[in-house]
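A short worksheet on the structure shown next.
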Amino acid sequence: MPEGGVRCRIAPAPTGSLHVGNARTALYNWLFARHHGGSFVLRIEDTDRKRSTEEAIGVIVDSLRWLGLDWDEGPEVGGDYGPYRQTERLEIYRRTVERLLEEGRAYPCYCTPEELEERRRAALARGETPGYDGRCRSLSQAERRRFEAEGRRRAVRFAMPGEDVTVHDLIRGETHFPASDLKDFVILRSDGTPTYLLAAAVDDVLMRMTHVIRGEDLLPSTPRQVKVMEALGATPPRYAHLPLIVGPDRQPLSKRHGAVSVEWYREQGYLPEALVNYLALLGWSYDDVTTFFTLEELVEKFDLSRVSRNPAAFDLEKLTWMNGHYLRAADEERLVGLLVEALRREGIEAPPEAVRAALPLVRERMHTVREGVGYLRFLFVEVKPDEKAHRLLGPDRAGYLEEVARRLEGLQEWTPEAVEAALRALKDERGLSSKDAFQPVRAAVTGRLVSPPLFESIALLGRDRTLARLRAAATAG
RNA sequence: GGUCCCAUCGUCUAGCGGCCUAGGACACCACCCUCUCAAGGUGGAGACACGGGUUCAAAUCCCGUUGGGACCA
């Protein structure tokens, strides 16, 4: 394969948001293309009209862009091998099928679902491998005319050559498929729509794909697509089948495992560079110690030969840890923007200057922007102590909280240092432990037992609101 | 049921015959730091699925078994 000649693609079906599994496939394709200075193509496989939506295309496009994966050809950017939506290519598929029909590489099949089912059962009963028996392949012209006259619906099947097929996979090596398992399959349904097997194969040929990097679930369809391509007189691309991403139960990752869409991670406040880094390492590794990679480093280092063959379990905890790392490294203004935006989504209008002032308190301890919002909200809205905090604010604390308020009220300067000095002095006078001295104050002021550093928090909250909260807690108790 | 894929700590993985008394990361435990929680630091526990071969030598090669999974039906 000449350098620069690499062409690969991601071909999502727009039936929902971008699944993290597809995101990883997209990433690997993109990295492979960029590494080799080739082209990355986005193709929309929307032939399933009932489930495909315009909105989903938008979401997928946004998610890919958010991740930083740009495409050289496809929706919104065009290209020399379009159109890039399969619903706009239906005529191409029909003509292709017509050609295969004329050349005897495909044939009409009039079998009804009922007949197929009946023969399948019979084959099973005889202990044979079920699968299409090729009945319509040898129909005479007369028989065909008779079926047509009966008004039978006609599908088109591809005539498999009846030979064993070896697929050379860049990740798995050679895989052999026996001819006995490669039965003639439908390429054009009776309603005139192409099947996945045909459409993807035709597009990969016409779009000049040199490499097809996709999920392992498509490995079994490869020998069929290769034969279709050969029947079309084309040279099949090189294939690389990625192991699946599974959930904690080792089942393919799906909605029931919770978060699977890139969109969700974005909303929760994960950074794209964290998701990319995590996904890159989910099924690929560079060496035995390197954990963090920028997109540029990935482009430089990515290599299909180092892709794993084992299904990988998606580990949200590790992703979250990694996100914390990127959050700590992120630019201050970017974080302020993200926090302001996330606060707004919760109905809180926070002045950017206030968020900027509070940033040092949260950037070390948040793992997601959303978590940061949880730490900061007490600064912007009145808080109602949560259950644990409430328990610390019983009547026996009222006097103490009242005293804390009095001491703070008398402060000349409202700074973290002054607040700390006052609270520590009281703590020492009363011989209290840190826990007994500070936790009730934290509960009253932030409404939680877990918060950013107390003295800084009080300083940011301001005198009036702090005193009000302390006294409210004292009276409520 | 048939075909195919896969098999190292709980998880992601390094390992491609001797460097392995198996390395790193997340999670976990302990300690340090400490106003809570984090972050950070130090230390710890934790894996080659099993059985046969091949070889002077196997986590690494071959064959079986078992166990997962995909696809087709």
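Naming: A, B, ... by sequence-line order, numbering from 1 per chain. Only heavy atoms go into these numbers, but all of them, side chains included; no hydrogens, no water, no symmetry mates. None of the values given here were measured: they were computed from a predicted structure.
Applying the 4.0 Å criterion to OP1 and OP2 of B:A25, one finds that A:His325 has every side-chain N and O outside that range. Here A:Ser285 reaches the OP1 or OP2 of B:A14: one of its side-chain N or O atoms lies under 4.0 Å away. Residue A:Arg250 places none of its side-chain N or O atoms closer than 4.0 Å to OP1 or OP2 of B:G67. Listed pair A:Arg424 / B:C35 meets the phosphate criterion, a side-chain N or O lying under 4.0 Å from OP1 or OP2. Taking side-chain N and O atoms only, A:Gln251 has a distance below 4.0 Å to OP1 or OP2 of B:G69. For A:Asn310 and B:U11, the shortest distance from a side-chain N or O to OP1 or OP2 is not below 4.0 Å.
Nucleotides B:C26 and B:G43, compared at atom P, are 14 Å apart to the nearest Å. Going from the P atom of B:U60 to that of B:C19 covers 13 Å, rounded to whole Å. One C1' atom belongs to B:G1, the other to B:C28, and the distance between them is 43 Å to the nearest Å. Of the P atoms belonging to B:A7 and B:A49, the separation is 10 Å, rounded to the nearest Å. Between the C1' atoms of B:C62 and B:G2, the separation comes to 26 Å (whole Å). The gap from the C1' atom of B:U36 to that of B:G23 amounts to 36 Å, rounded to the nearest Å.
Each of A:Arg328 and A:Pro453 lies near RNA chain B, and the nucleotide nearest A:Pro453 is the one positioned closer to the 5' end. When the nearest nucleotides of RNA chain B are assigned to A:Glu364 and A:Val450 by heavy-atom distance, the more 5′-ward of the two goes with A:Val450.
Contacts of A:Pro252 with the nucleic acid, taken as non-hydrogen atoms under 4.0 Å apart, involve only primed sugar atoms and P, OP1 or OP2. Here A:Leu244 lies in heavy-atom contact (under 4.0 Å) with sugar-phosphate atoms only. The residue A:Glu371 sits apart from the nucleic acid: no heavy atom pair falls under 4.0 Å. Contact annotation for A:Leu449: base contact, defined as any heavy-atom pair under 4.0 Å involving a base atom. Contacts of A:Pro178 with the nucleic acid, taken as non-hydrogen atoms under 4.0 Å apart, involve only primed sugar atoms and P, OP1 or OP2. Residue contacts for A:Gly324: at a heavy-atom cut-off of 4.0 Å it reaches no nucleic acid atom on any strand shown. A:His241 comes within 4.0 angstrom of no nucleic acid atom, judged by non-hydrogen atoms across all strands.
In this structure, A:Leu408 places its CG atom 17 Å from P of B:C35, rounding to the nearest Å. One interatomic measurement links the two molecules: CD of A:Glu216 to P of B:A7, which rounds to 10 Å at whole-angstrom precision. One atom, CG of A:Leu242, and another, C1' of B:U13, lie 16 Å apart when rounded to the nearest Å.
Looking at A:Asn323 and A:Tyr265, their side chains never bring a donor and an acceptor atom within 3.5 Å of each other. Side-chain contact annotation: A:Thr291 with A:His325, donor-acceptor N/O pair under 3.5 Å absent. Defined by atom type and a distance below 3.5 Å, a donor-acceptor pair is missing between the side-chain atoms of A:Arg442 and A:Thr446. Donor-acceptor pairing under 3.5 Å is lacking for the side chains of A:Asp48 and A:Tyr196.
In this structure, A:Arg157 forms a cation-pi arrangement with A:Tyr132, its terminal cationic atom sitting closer than 6.0 Å to the ring centre and no more than 45° off the ring axis.
Between A:Phe438 and A:Phe455, the ring planes are perpendicular. Angles over 60° get that label, and only those under 30° would be called parallel.
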Distances for protein N or O near nucleotides 27-32 of chain B N or O, under 3.5 Å:
none

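Taking 3.5 Å as the limit, the base of B:C35 and the side chain of A:Arg442 contain a donor-acceptor pair of atoms between them.
Using a 4.0 Å cut-off between charged side-chain N and carboxylate O, A:Arg214 and A:Asp204 make no salt bridge.
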